[in-house]
Amino acid sequence: MSEQELKLNVPVDAQLLVEKAVKRAKFSEIQLRALYFDTPSRALVLARIALRLRLEGNQWVQTLKMPGEHSLSRIEINQDRPEATLDLGIYAGTPVGDVLSGLTEPLQVCYETDVQRLLRDIRAPSGVVELAFDRGWLRAGNLQLPISEVEFELKRGKLEAVFEIGRTWQQRFGLILDVRSKAERGDRLAQLAQALDIVEAMEISDEACAQRQAQARKQHVADFWKPRGAEVISLVNVVKQRDPTRVLAAVTSECLEQIVRNSAILCEVDTEGLCQVANPEHIHQLRVGIRRLRSAWSFFAGLAELPSLAHREQIKHYFAQLGGTRDEDVLLGSLLPALSSAGLPPLALPVSPHPPSDTQLFRSTGYQRWLLDTLALCTIEDATPVAPLAIPPLTASTTEGHGTDFVFPRAPHIPRKPPLKPRLIKKLKKWHHQVVHSGLVFRALEIEQQHDLRKKCKRLRYALQFCEHLLTETNLPRYRKQLAAVQDILGEMNDLYVAQPLFESLKTEQPQAWFACGWIQARLETLTDEAAQGFSRLSNTDVPWD
């Protein structure tokens with residue numbers, strides 16, 4: 001059997017409404033308590049295996065999950081147990097038998113979940129979907145996180161049904177897209193609990209030790225909520241299929257993952273009503289994810305079919321709203337400290353109009369609808385059921401998860417297409433020549449032309465990330481370093497150009513603002529020379545595709 005499901009977080013103020021909606025038709029209710037096992041060194045997680053015992057009503061069920069034939073398939077083996085004890089012998093002769101028999105550390109309970117689940121089937125034009133509404137807690141040591149989520153699992157019909165129903169409930173109740181599984185959240189919480197236990201065990205002999213302990217505790221918690229940055233995408237195997245649509249799918253998957261994960265933290269998925277953990281870096285990484293996705297659409301234009309223009313344009317609206325927040329962060333966090341160090345006298349800055357909170361923006365039904373539509377556009381097209389993997393005498397099923405990844409099924413016959421790698425390299429060359437051509441005359445460019453060149457540098461850098469595994473390793477690091485250097489210079493110049501009008505407007509009433517204006521102008525002249533030199537070095541750097 002093939003399982004395909006979508007998971008959405010239910011905000012606190014929508015929980016009662018969702019519960020009532022589920023209970024308006026025939027439903028069932030069950031208490032689920034699950035114990036998740038691993039070794040102290042996380043051997044199972046590192047092998048991409050999840051092992052649990054779950055009490056379903058009065059029945060214990062042992063479940064093991066592991067990757068299947070491709071990145072989105074999951075082998076799932078379920079076995080009823082008479083009590084809460086593991087029996088690893090039942091996996092003898094299966095693909096995981098060797099891994100489990102080779103463990104050098106004992107298995108232990110690392111975290112557990114305790115949820116109340118409401119179940120209901122919903123019919124849609126495209127099929128039947130099972131809705132599961134889970135509320136409860138995820139616990140590791142002395143730490144816990146709330147669970148409040150709805151899973152939409154396809155039972156019969158087409159995958160469109162999952163998105164049809166999911167979209168309706170999302171818009172009706174303000175649900176939030178979250179790609180993290182309970183297992184992922186639990187594993188990270190267990191790591192945090194272990195790290196904090198070590199910190200608490202530190203010997204405190206004086207005030208300095210106490211301060212180090214407090215700082216270590218604070219750092220571990222901050223690392224738990226750290227922003228999700230860009231990750232490398234391996235296109236080697238996908239490119240061999242010679243299908244640019246599938247390559248774009250893989251790239252879009254990674255970009256969307258970065259966007260959704262930072263959005264979830266900004267929406268306070270884990271911390272609503274408890275604390276605020278988001279910081280400006282989450283917004284920055286979210287903006288990076290959006291820029292990378294838009295760069296991918298530009299890079300694959302003419303090579304693969306893109307989402308509709310209306311869909312591509314919609315994200316620009318949300319991206320623009322984030323710009324003001326970012327500009328203010330740069331002003332307060334970077335520029336003013338630099339000016340103060342240079343000797344700027346105290347200056348009263350005007351109070352900016354209070355913008356809508358970022359939380360409201362990311363929770364908005366319009367933004368969340370765009371995320372879900374992006375996932376649906378890319379997932380439905382490629383979602384093809386995968387045949388179950390038989391592992392007698394146990395029950396095995398192949399589960400296709402639909403977070404922010406894409407399914408690449410085996411086609412029975414694909415007409416031979418021209419090699420894709422040369423077509424991607426040709427696009428990289430074109431973008432490189434555009435950057436170098438403008439960069440070599442940088443001093444003669446108008447401000448708007450410099451701004452346009454900065455955006456071209458960014459998209460070229462992102463394209464390098466997309467194609468990293470297709471390029472020459474010996475030349476890539478130096479080329480990427482030179483490109484990043486000019487991009488950083490242009491980024492600082494852009495920040496100064498944005499802040500310049502503010503200080504210009506203050507000169508009449510606050511003469512000390514003249515200092516800031518002069519400093520900014522001098523800095524821009526220095527950066528202009530540095531940018532010109534940087535582009536000259538870039539033009540003489542060996543490219544990574546020859």
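Each residue takes its place number in the sequence, starting with 1. Below, all heavy atoms of this structure are taken into account, side chains as well, without hydrogens, waters or symmetry copies.
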Asks: In the structure I gave you, are the side-chain heavy atoms of Leu428 and Phe299 within less than 4.5 Å of one another anywhere?
Replies: yes

Asks: Under a 4.5 Å cut-off applied to non-hydrogen side-chain atoms, are Arg54 and Leu32 in contact?
Replies: yes

Asks: Return yes if some donor-acceptor pair links the side-chain N/O of Glu164 with the main-chain N/O of Ala124 below 3.5 Å, else return no.
Replies: no

Asks: Between Lys7 and Asp178, is there a side-chain N and carboxylate O pair less than 4.0 Å apart?
Replies: yes

Asks: Does a side-chain N-to-carboxylate-O contact under 4.0 Å join Arg228 and Glu254?
Replies: yes

Asks: Lys421: what forms a side-chain contact (heavy atoms from CB on, under 4.5 Å) with it, not counting sequence neighbours?
Replies: Val239, Ile425, Leu470

Asks: Counting the benzene-type ring for Trp, do Tyr479 and Trp545 have ring centres under 6.0 Å apart?
Replies: yes

Asks: Side chains of Arg292 and Gln465 only: does a donor on one sit below 3.5 Å from an acceptor on the other?
Replies: yes

Asks: Looking only at side chains, do Glu281 and Gln285 share a donor and an acceptor under 3.5 Å apart?
Replies: yes

Asks: Run Arg167 and Asp373 through salt bridge (charged side-chain N to carboxylate O under 4.0 Å, His left out) and show every step you take.
Replies: CA-CA 8 Å; Arg167 185 180 294 112; Asp373 285 350; 2.8 Å; yes

Asks: Looking at Trp225, is its backbone amide N or carbonyl O close enough to the side chain of His282 to form a donor-acceptor pair, meaning the two atoms are under 3.5 Å apart?
Replies: yes

Asks: Do any N or O atoms from the side chain of Ser148 and from the backbone of Val10 form a donor-acceptor pair under 3.5 angstrom?
Replies: yes

Asks: Look at the aromatic rings of Tyr36 and Tyr111 and report parallel, tilted or perpendicular, splitting at 30° and 60°.
Replies: parallel

Asks: Do Phe152 and Trp169 make a side-chain contact, defined as non-hydrogen atoms from C-beta onward lying under 4.5 Å apart?
Replies: yes

Asks: With heavy-atom distances below 4.5 Å as the criterion, would you say the side chains of Leu44 and Leu107 are in contact?
Replies: yes

Asks: Any side-chain heavy atom of Glu151 within less than 4.5 Å of one from Leu6?
Replies: no

Asks: Sequence neighbours left out, what passes salt bridge (charged side-chain N to carboxylate O under 4.0 Å, His left out) with Glu200? Give chain and number order.
Replies: Arg217

Asks: Measuring only between side-chain heavy atoms, which start at C-beta, is Ile30 closer than 4.5 Å to Leu118?
Replies: no

Asks: Evaluate Arg135 against Glu19 for salt bridge (charged side-chain N to carboxylate O under 4.0 Å, His left out), listing each step before the verdict.
Replies: CA-CA 10 Å; Arg135 279 186 297 177; Glu19 178 182 350; 2.6 Å; yes

Asks: When Lys182 is tested against each of Asp134, Asp187, Asp114 for salt bridge (Lys or Arg N to Asp or Glu O under 4.0 Å), which residue passes?
Replies: Asp134

Asks: Does Arg52 qualify as a cation-pi partner of Phe37, given the criterion of NZ or CZ under 6.0 Å from the six-membered ring centre and within 45 degrees of its axis?
Replies: no

Asks: My understanding is that only residues two or more places apart in sequence, or in another chain, count here; which of them pass side-chain contact (heavy atoms from CB on, under 4.5 Å) with Lys481?
Replies: none

Asks: Go through the side-chain N and O atoms of Asn262 and Gln258 and say whether any donor and acceptor fall under 3.5 Å apart.
Replies: no

Asks: Kindly say whether Asn475 contributes a backbone atom to a donor-acceptor pair with the side chain of Thr472 at under 3.5 angstrom?
Replies: no

Asks: The criterion is side-chain contact (heavy atoms from CB on, under 4.5 Å); which residues satisfy it with Glu473, sequence neighbours excluded?
Replies: none

Asks: With no hydrogens and no angle check, just 3.5 Å: does a side-chain donor-acceptor pair link Gln108 and Thr39?
Replies: no

Asks: Please determine whether ring pair (Phe, Tyr, Trp, His ring centres under 6.0 Å) holds for the pair His311 and Trp370, giving the CA-CA distance in whole Å, both sets of side-chain angles, and the decisive distance to 0.1 Å.
Replies: CA-CA 8 Å; His311 185 78; Trp370 185 88; 5.1 Å; yes

Asks: With sequence neighbours left out, what residues match Ala25 under side-chain contact (heavy atoms from CB on, under 4.5 Å)?
Replies: Arg120

Asks: Kindly indicate, with the supporting measurements, whether the criterion side chain to side chain donor-acceptor pair (under 3.5 Å) is fulfilled by Ser295 and Arg291.
Replies: CA-CA 6 Å; Ser295 296; Arg291 282 198 300 263; over 6 Å; no

Asks: With no hydrogens and no angle check, just 3.5 Å: does a side-chain donor-acceptor pair link Ser101 and Tyr91?
Replies: no

Asks: Is the shortest heavy-atom distance from the side chain of Phe224 to the side chain of Val277 under 4.5 Å?
Replies: no

Asks: Please name the pair of heavy atoms, one in Leu266 and one in Ala278, separated by the smallest distance, quoted to 0.1 Å.
Replies: CD2-CB, 3.5 Å

Asks: So do the side chains of Phe300 and Leu424 get within less than 4.5 Å of each other, counting heavy atoms only?
Replies: yes

Asks: Lys158 and Glu160: salt bridge (charged side-chain N to carboxylate O under 4.0 Å, His left out), yes or no, with the steps?
Replies: CA-CA 5 Å; Lys158 300 179 180 179; Glu160 285 90 335; 5.6 Å; no

Asks: Is there a donor-acceptor pair under 3.5 Å between the side chain of Gln213 and the backbone N or O of Ile204?
Replies: no

Asks: Between atom CG of Leu306 and atom CG of Leu248, what is the distance when rounded to the nearest 0.5 Å?
Replies: 6.5 Å

Asks: Is a donor from one side chain sitting under 3.5 angstrom from an acceptor on the other, for Thr245 and Glu305?
Replies: no

Asks: Is Arg287 positioned over the aromatic face of Phe319, cation under 6.0 angstrom from the ring centre and no more than 45 degrees off axis?
Replies: yes

Asks: Please list all pairs meeting side-chain hydrogen bond (donor to acceptor under 3.5 Å, both in side chains) that have one or both residues in residues 267-278, counting only residues at least two apart or in different chains.
Replies: Arg180-Asp270, Arg185-Asp270, Glu272-Arg363

Asks: Considering only NZ, NE, NH1 and NH2 on the basic side and carboxylate oxygens on the acidic side, decide whether Arg139 and Glu112 come within less than 4.0 Å.
Replies: no

